[in-house]
Amino acid sequence: MGGGSFVELDQQGSWRRTAYAGEVNADQEGSEVIVFGWVQDVRDLGGIKFFVLRDRSGSVQVTLPRGKVPEEVFEKFDKLQKEFVVGVKGVVRRMEKAPRGVEIIPNELRILNVTKHPLPLDPTGRTPADIDTRLNARILDLRRPESNAIFRIAHVVLQSIRAFLSQKGFIEVQTPKIIASATEGGAALFPIAYFDREAFLAQSPQLYKEQLIAAFEKVFEIGPFFRAEESHTNRHINEFISVDIEEAFADAKDVMRTLEELVQHVVKEVNEKCKAELNTLKQEIPVPELPLMRITYDEALEILRKKGVEVSWGEDIPTPGLRALGQELPGFYFIVDWPTATRPFYIKPYEDRPHLCESFDLMHSWIELASGGTRIHQREELEKRLVEQGLNPASFEFHLKVFEYGMPPHAGWGLGLARLLMAITGRDNIREVVLFPRDRFRLTP
RNA sequence: GCCCUGGUGGUGUAGCCCGGUCCAGCAUCGGCGGCUGUCGCCCGCCGGACGCGGGUUCAAAUCCCGCCCAGGGCGCCA
């Protein structure tokens, strides 16, 4: 079934777009335009036929009244099926009865490509599809207004992050994604074959970005990282985009300010530039007021205790605890002063109370968006902490020796881009905000 | 990795608990035909499904077992 009769394809030839569908308006009455796009909908009333042409900008109705368009165009209409790729050369006409009060009367219709029906999902989204079905046909899914809006917002988020950090004097860097050592501990690494050696996909730019501030003072990176965790949740994927900064002559408090200002800036930009997209998503995201609330780890535990959730001191807060915390604190906030034992080796303990460290998590409700802190900048101390965490300093020599070349005090953070997008777009599954998510069970498309 | 839930046309679902009334309903979708103002068009006709394998039974979409797949939760996540 499906597919219809054989369709002879036309060439785009010398045709070049002169207008975007969504921008064609009644003021252009009488002018000839060339539009390209996809057939969103076909309505045939016999003596008058309509189809809706959609492109990246929106859509416009193409109307074919019998006798008012060339006979071959009128006949060619019958071949059209949903999502065919077409070009139309025609005249803009003001028409109250048409969507947006405007339509195109075609003089020529070119069918540039066909679709194979049945399609695996409905690109208009009227008939819903499961997330799994949608990801299997991701390109079709991305034609749905909601999915499309998410990634238009993602673009604005990325742009505004780059603009903000650049304006603050950070320079953008790229660190290696292929690394030699699996000895950083913690998150599991993906091993890969590197010629005749084993190598690994980087799980974080941490060590390299720290090294780089000893030359550039303020750096940031937006890039992919890889964790071989067997997590199967709505907020974990195995390849993720991390936004990282590192800054010399700064501590946790300084980079927290940078982070909250960044978040505020991004939300402001999205509100200004993505009104239509937010509307499509039925999403409102208030610009957070600064400074964001800061609660200590101890205070978080106290809040949880009052809610009947017991967390023994020194442990990371388990997921049910974070969910409970998120009920109390629905917006953006920081959890600061974590027990030293819960944090990685490079985080600096407080001088006067070494069981706590100069660290923070940026939260949105119950989801951790970012994590950071003041770093240890003295080699001896770093080595001591490595040993305390059961790691072997010898395998960090390439990193440790940099601390002998004049390493300034420094601090930084890493922010999960997709987690931030979840907060901004109001999605509760990270797969919604990643074009081609990689999770434990999904390697294609 | 553990626990829970589920898998019915291309898509989304009803039916399953309590086996027969199911040659499986609904919506969307696809095909053909009709209609000169549709816009989630309308009207008529037609098309397409019980994840895979085994078992119980006179009889299985429905009960049992195994496998595969998916969703949710937890753990893990320097």
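Here is how names work: the chains are called A, B, and so on, in the same order as the sequence lines, proteins then strands, and each is numbered from 1. These numbers come from a predicted model, not from an experiment.
- With hydrogens and angles left out, the side chain of A:Glu103 and the base of B:G37 share a donor-acceptor pair within 3.5 Å.
- In this structure B:C67 sits in a base pair with B:G51, meeting the Watson-Crick or G-U test at under 3.5 Å.
- Rounding to whole angstrom units, CZ of residue A:Arg54 and P of B:C39 are separated by 20 Å.
- Comment: A:Arg305 engages A:Glu302 in a salt bridge, judged by a side-chain N to carboxylate O separation of less than 4.0 angstrom.
- Separating the CZ atom of A:Phe84 from the P atom of B:G30 is a distance of 11 Å, rounded to the nearest angstrom.
- Across all strands shown, B:U28 forms a Watson-Crick or G-U wobble pair with B:G10, both key distances being under 3.5 Å.
- A donor N or O paired with an acceptor N or O is found under 3.5 Å between the base of B:G1 and the side-chain atoms of A:Arg440.
- A:Arg43 has no side-chain polar atom (N or O) that falls below the 4.0 Å cut-off from OP1 or OP2 of B:U36.
- The residue A:Asn429 sits close only to the backbone: its heavy atoms come under 4.0 Å of sugar-phosphate atoms, none of a base.
- With hydrogens and angles left out, the side chain of A:Arg442 and the base of B:G71 share no donor-acceptor pair within 3.5 Å.
- If you check B:U62 for Watson-Crick or wobble pairing at under 3.5 angstrom, you find it has no partner at all.
- With respect to A:Lys76 and A:Asp10, a salt bridge is recorded, a charged nitrogen being found less than 4.0 Å from a carboxylate O.
- Remark: A:Phe170 CZ to A:Ile213 CD1 distance equals 11.0 Å, nearest 0.5 Å.
- On a pure distance criterion of 3.5 Å, a polar donor-acceptor pair joins the side chain of A:Ser231 and the base of B:C76.
- Across all strands, A:Asp41 comes closer than 4.0 Å only to sugar-phosphate atoms, never to a base (heavy-atom distances).
- As a whole-Å value, the separation of A:Glu229 CD from B:C74 P is 16 Å.
- Classification of A:Glu397 and A:Arg379 as a salt-bridged pair holds, one side-chain N sitting under 4.0 Å from a carboxylate O.
- For the P atom pair drawn from B:C41 and B:C2, the interatomic distance equals 48 Å after rounding to whole Å.
- Looking at the side chain of A:His117, the nearest of the listed nucleotides B:G30, B:U38, B:U36 is B:G30.
- Ring to ring, A:Trp313 and A:His355 are close: their centroids are under 6.0 angstrom apart.
- Spacing between atom CG of A:Asp439 and atom P of B:G1 amounts to 14 Å, rounded to whole angstrom units.
- Figure legend. B:C2 is base-paired to B:G73; pairs are counted as Watson-Crick or G-U wobble with both atom distances under 3.5 Å.
- The shortest distance between the side-chain N/O atoms of A:Thr319 and the OP1/OP2 oxygens of B:G75 is below 4.0 Å.
- Under 4.0 angstrom from either OP1 or OP2 of B:G73 there lies at least one side-chain N or O belonging to A:Asn234.
- Between B:G71 and B:U13, the two C1' atoms lie 16 Å apart (nearest whole Å).
- Residue A:Thr133 has a polar side-chain atom (N or O) positioned under 4.0 Å from OP1 or OP2 of B:G12.
- At whole-Å resolution of the value, CG in A:Leu64 and P in B:C35 are 16 Å apart.
- Atom CD in A:Glu230 sits about 14 Å away from atom P in B:C3, given to the nearest Å.
- Checked for salt-bridge contact, A:Asp78 and A:Lys49 meet the test: a charged N lies under 4.0 Å from a carboxylate O.
- Within the shown strands, nothing qualifies as a pairing partner of B:U36 under the Watson-Crick or G-U definition with both distances less than 3.5 Å.
- Across all strands shown, B:U21 remains unpaired; no Watson-Crick or G-U wobble contact has both distances below 3.5 Å.
- A close approach under 4.0 Å does not occur between any side-chain nitrogen or oxygen of A:Lys49 and OP1 or OP2 of B:U36.
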